[in-house]
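Below: the structure, in structure tokens.
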Amino acid sequence: MAVKNMPRERIEKYVPRPIEDKWANEWARTGLHETPNELPGKPNFYFLTMYPYPSGQVHVGHWYATAPADCAARFLRMRGNNVLFPMGFDAFGLPAENAAIRNKMHPAEWTESNMAHMRSQFRAMGAMIDWRREVVTCYPEYYRWNQWLFLKLLENGLAYRANAPVNWCPKDRTVLANEQVIGGRCERCETPVEKRALEQWFFRITKYADELLSFEGIDWPERVRVMQTNWIGRSEGAEMAFPVEGHEGAEIRFFTTRPDTVFGATFVVLAPEHPLVAKITAPDRREVVEAYVERAARESEIERSAEGADKTGVATGAYARNVFTDELVPIWIADYVLASYGTGAIMAVPGHDERDFAFAQKYGLDIREVISPDGTEHASLAEPYMGEGVMVRSGELTGRRSEDGKRAVAEEAKRSAIGGPSVTYRLRDWLISRQRYWGTPIPIVYCDRCGTVPVPYEHLPVVLPRDAEFTVEGGNPLAKVDAFVRTTCPNCAGPARRETDTMDTFVDSSWYMYRYLDPKIATAFMDKEIGRKWLPVSQYTGGIEHAILHLLYMRFVCKALRDLGELWFDEPALRLQNQGMIVFDSRKMSKSRGNVVGPDEYVARYGADTLRMFTMFMGPWTQGADWDSAGIDGVSRFLHGVWRLALSARVPGERDEALERDIHRAVQKVTTDIEHYHFNTAVAALMVLRSRLAESAGPTRDEGIRTLLLLLAPFAPFIAEELWARRGGTYSVHTQPWPTYDPDIAKAEEVVLVVQVDGKVRDRLTVAAGVSEDAARSAALASEKVQERLRGREVVKVIVVPGRLVSIVTRPAAG
RNA sequence: GCCGACCUAGUCCAACUGGCAGAGACAACCCGCUUAAGACGGGUCAAGUGAGGGUUCGAAUCCCUCGGUCGGCACCA
């Protein structure tokens, strides 16, 4: 190759670090990342990415989340939008408290120093963060609005206190939301969770269950929608009640999705925690029942499910009347019935439910067929039949389709005032109380005279006291701070005690996107004037691990605030894009596993630009990746190559139309790839363009280099800025308009047309790109090689795919 | 157990609405540069798409069965 033999030009070596430091300073000095609330002629675009927990270092997981998001945000800015890309810290939470116990350092100090370090790391990354808008949730300026939110919800019946069996983590010594219990274990420390009955505060998210099932008007990934839908778990059916025999007024209420099977309800099962258990248990069964209830309370969910399909239970000795068959059926208790779902009781239909079948078999209870697939009665059932069919042994309803029977039974229940059609959800109300120090104090005071009294709005914030003792024995340090606990009642001025529970940190993150707009405003949770310019969020990105928890709470709070007249939209974020998780050796990275990969050494060795591009190059962003730094050299070589290319001397030559086409193609490819978050293929397109330009000459080469730098800017902002400046471009490359492309130029002039005969490629013809179907067909049929194959055969069919191929189908010629 | 995603060169990954399996990168190998190694630059090599079946002129792509990996849910009545 000609280029190869030319004397190598002496070009200064690319040394990333000094350049990156220089531009980071320059950007800060010139306020390049400060987004105004309005920019004439440019529409606002709110690009939100999930804020991190200030664990102490920005690890590669954060890079994986942030660098591609930043790339997309920068792209949108170059495309003419006024883009807001804020960042903050989810600064409350357990690790700070645990660190306090370990290191004798106050959680506030620990958090503060972590945030300082992480801010500088984000700066090194080059992300276009507008730090003037930073939100830090552990500052009173922030959390006073958590308290305000709590009071608002309380005022409107959306927050309440209840004694409920809750998930208790014995290690963290706090209550957990259902969402924080993974497989019966604490999400954080993996300790088996216990059940405890405690007075706790809840947010009434279930009120919005149905609305949360609708994703209308928002463009969210199917995967997240499915996960949230399953989590909410809407079930349609009927609620009904059977009276308890010999206990006037007592009845067992239950929910069923199969009211059509009620004629097969041969017993009733209560959860061990069901309030009626003590009342109805027969005297001779009392001892056994109490022992069972006690054992069930003691056992963790892990222990319970460890018993697997082997169901346990005891009879109460009491009976209920199945009002449809008019039979007396025994009432049992068993822990396979959950107190927290439906009414905590079921009608058991062993013939048509797997669990009830197993239970009935074990305890010798009646199994009756009431739904038959074909309408014929069977004497016995070898296994339960769960499908639809024809009702049998069902009184007046015998012979009906089970689908109709559902409605008929529910209506009958309504007519006889024992129940009616009903909907139940798997979703439970959101338990927000945490027995920990490092969180938002719940603004409630308990007064002996006035009871539970909300702290008046004008007394907010209830400030978390600084002095607290953090001990290994745990318990809530806040409860031991006398000066905090002891207070006066806002109502009667008498002595009172403060609530010492703090809020779940998911409360903080359920509305932080509103606070970014003006984190300083002291008169409201958000500056609504500014809010109208930005909200709802145009694009939200974040880890798929938040598909349920955070994203559901955030939607709920948005709807609640809307109903309180504080917001004017139904959904907080119009579009959502989830990146996959970054793992190490196929395992989640976590501090406890000690497999967290720190990015700093890579930044030191290769520069931030290389690491940024590498996080985007590893594979499809949505898919996640196994961290393997093996490929990072490829990206590094690419940037070195761009450096040499951009600083090389001009090469004299003619205009190059083929190169021009390649440039337009690259612009097209990179543009559409970023739009679809296909960063990996966009990087590949940049690599192609670089190598094409490296072997080119003339004015088109110069234009191409300019275009390459513009395309590179969102990916590798530092080197792009440096090279742009060195080539005489005006500051900053990041405020230049994004290059445009002409699809006509990008299109190839000539294409290779593949000609198949009976599925085998027989010839390739070079034809003009826009060639008509007819022309393609005749060209193919005219080909000599094709003619050879057609000898003695008859053409049955010719398929033409414009610009791609001609497929000729033949059969032996007749005769 | 149920639901979903994924499985393509040694490795990570591309491939539009079904149309010649390859864009890019790593590794390996070769060449250049170098006293040498490394670094750097240039090049070469490589799979018939997890297995089996089906639909189609044509399947990595659509359908069915099975296997593997990873998620979500998991006694939810």
Side-chain angles (χ1 to χ4, degrees), chain A residues 1 3-5 8 13 182-184 222-224 226-231 233-235 237 254-258 261 265 269 271 301 304-305 307-311 334-338 340-349 352-356 358-359 424-428 544-545 547-548 580-581 583 586 614 617-620 622-626 628-638 640-641 644 669 672 678 680-688 690-691 694-695 752-761 764 796-810:
Chain A
M1 203 172 279
V3 178
K4 198 171 159 183
N5 297 328
R8 180 100 49 85
K13 208 179 158 209
I182 312 293
E222 163 89 16
R223 198 164 155 209
V224 173
V226 167
M227 278 162 83
Q228 293 203 351
T229 302
N230 291 342
W231 184 262
R234 186 179 200 273
S235 293
F254 54 83
F255 171 79
T256 176
T257 54
R258 291 297 300 270
T261 63
V269 188
E301 296 214 353
R304 282 201 198 180
S305 57
E307 291 157 21
D310 187 30
K311 304 205 174 345
D335 64 7
Y336 81 90
V337 173
L338 308 177
S340 52
Y341 183 78
T343 62
I346 61 161
M347 66 170 199
V349 185
H352 305 284
D353 181 281
E354 262 178 355
R355 297 152 299 182
D356 298 344
F359 194 78
T424 297
Y425 303 89
R426 214 188 70 104
L427 181 71
R428 314 289 151 82
I544 186 70
E545 66 272 22
I548 301 171
M581 266 186 279
V583 296
S586 307
F614 182 56
F617 191 52
M618 288 194 289
T622 46
Q623 188 185 293
D626 205 333
D628 177 6
S629 63
I632 199 168
D633 285 324
V635 174
S636 179
R637 278 173 205 149
F638 164 71
H640 276 93
R644 282 192 308 276
K669 178 75 178 147
T672 54
H678 295 163
N680 55 329
T681 49
V683 173
L686 291 172
M687 288 173 168
V688 173
R690 186 208 66 84
S691 36
E695 60 193 27
V752 175
L753 203 58
V754 171
V755 185
Q756 296 181 344
V757 179
D758 294 324
K760 291 211 170 69
V761 179
R764 289 158 211 270
V796 179
K797 187 150 82 163
V798 180
I799 295 131
V800 180
V801 181
R804 289 206 176 265
L805 61 66
V806 178
S807 180
I808 300 164
V809 188
T810 70

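Proteins get letters first, then strands, A, B, ... in listed order; numbering begins at 1 in each.
- Residues forming a side chain to side chain contact (heavy atoms under 4.5 Å, CB included) with K797(A) (at least two apart in sequence, or on another chain): I799(A), V809(A).
- Spacing between atom CZ of R428(A) and atom C1' of A77(B) amounts to 12 Å, rounded to whole angstrom units.
- Note on ring orientation: taking the six-membered ring where Trp is involved, the planes of Y336(A) and F359(A) are tilted (angle from 30° to 60°).
- Across all strands shown, T257(A) has heavy atoms under 4.0 Å from sugar-phosphate atoms exclusively, and none from any base.
- The distance from atom CD of E222(A) to atom C1' of G71(B) is 15 Å, rounded to the nearest whole Å.
- Nearest to the side chain of N680(A), among G41(B), A14(B), G24(B), sits A14(B).
- Contact annotation for S235(A): backbone-only contact, meaning every heavy-atom pair under 4.0 Å involves sugar-phosphate atoms and none involves a base.
- Between the C1' atoms of G10(B) and A5(B), the separation comes to 26 Å (whole Å).
- For F617(A), the ring pair (Phe, Tyr, Trp, His ring centres under 6.0 Å) criterion is met by no residue, not counting sequence neighbours.
- Nucleotides U61(B) and G18(B) place their P atoms 11 Å apart, quoted to the nearest Å.
- Of all nucleotides listed (G19(B), A25(B), G42(B)), G42(B) comes nearest to the side chain of R690(A).
- F638(A) is linked by a ring pair (Phe, Tyr, Trp, His ring centres under 6.0 Å) to nothing, counting only residues two or more places apart in sequence or in another chain.
- Of the candidates C13(B), A77(B), C26(B), A77(B) carries the atom nearest the T256(A) side chain, counting heavy atoms from C-beta on.
- For G4(B), the O4'-C1' to base torsion is more than 90° from 0; the nucleotide is therefore anti.
- Straight-line distance from the CZ atom of F254(A) to the C1' atom of A77(B): 10 Å, rounded to whole Å.
- L338(A) has its CG atom 16 Å from the P atom of C73(B), to the nearest Å.
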Please tabulate, one pair per line, each protein N/O and nucleotide N/O from nucleotides 7-9 of chain B that are separated by under 3.5 Å, including the distance.
none

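- Residues S691(A) and M687(A) form no side-chain contact, since every pair of their non-hydrogen atoms from C-beta on lies 4.5 Å or further apart.
- Atom CD1 of I544(A) and atom P of G72(B) are 10 Å apart (whole Å).
- Distances were taken from every side-chain heavy atom of Q623(A) (C-beta onward) to each of A77(B), A14(B), C13(B); the shortest belongs to C13(B).
- The one candidate from T810(A), V796(A), I808(A) that meets the side chain to side chain contact (heavy atoms under 4.5 Å, CB included) condition with D758(A) is T810(A).
- In this structure, the side chain to side chain contact (heavy atoms under 4.5 Å, CB included) partners of Q623(A), at least two apart in sequence or on a different chain, are P620(A).
- Here the separation of G52(B) from A9(B), taken at their P atoms, is 15 Å to the nearest Å.
- For R426(A), whose side chain is taken as the heavy atoms from C-beta onward, the closest listed nucleotide among G41(B), A74(B), G19(B) is A74(B).
- Set against G24(B), G19(B), C13(B), the side chain of F617(A) has G24(B) as its closest nucleotide.
- A distance of about 5 Å separates the C1' atoms of A14(B) and A23(B), rounded to the whole Å.
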Could you write out RNA chain B as a dot-bracket string, with dots for unpaired bases, | for bases paired across to another strand, and Watson-Crick or G-U pairs counted at under 3.5 Å? (((((((..((((.....[..).))).(((((.......))))).....(((((..]....))))))))))))....
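- Applying the side chain to side chain contact (heavy atoms under 4.5 Å, CB included) test to N230(A) and every residue at least two apart in sequence or in another chain returns V226(A).
- The K311(A) side chain lies nearest to C75(B) when the options are A77(B), C75(B), G41(B).
- Legend: residues meeting salt bridge (Lys or Arg N to Asp or Glu O under 4.0 Å) with D353(A), ordered by chain and number and at least two apart, are R355(A).
- Side-chain atoms of V688(A) lie closest to A23(B) of the nucleotides A23(B), A77(B), G19(B).
- Side-chain contact between V349(A) and R258(A) is absent, with no heavy atoms from C-beta onward closer than 4.5 Å.
- Look at CG on L427(A): it is 13 Å from P on C73(B), rounded to the nearest Å.
- Between G19(B), A77(B), G71(B), one nucleotide has an atom nearer to the side chain of V337(A) than all others, and that is A77(B).
- Between the C1' atoms of A59(B) and G48(B), the separation comes to 12 Å (whole Å).
- Considering only residues two or more places apart in sequence or on other chains, R234(A) meets the salt bridge (Lys or Arg N to Asp or Glu O under 4.0 Å) condition with D210(A), E236(A).
- Considering only side-chain N and O atoms, R644(A) lies under 4.0 angstrom from the phosphate OP1 or OP2 of G41(B).
- Atom CG of D335(A) is separated from atom P of A77(B) by 18 Å (rounded to the nearest Å).
- Considering only the side chain of R637(A), G41(B) comes nearest among C13(B), G71(B), G41(B).
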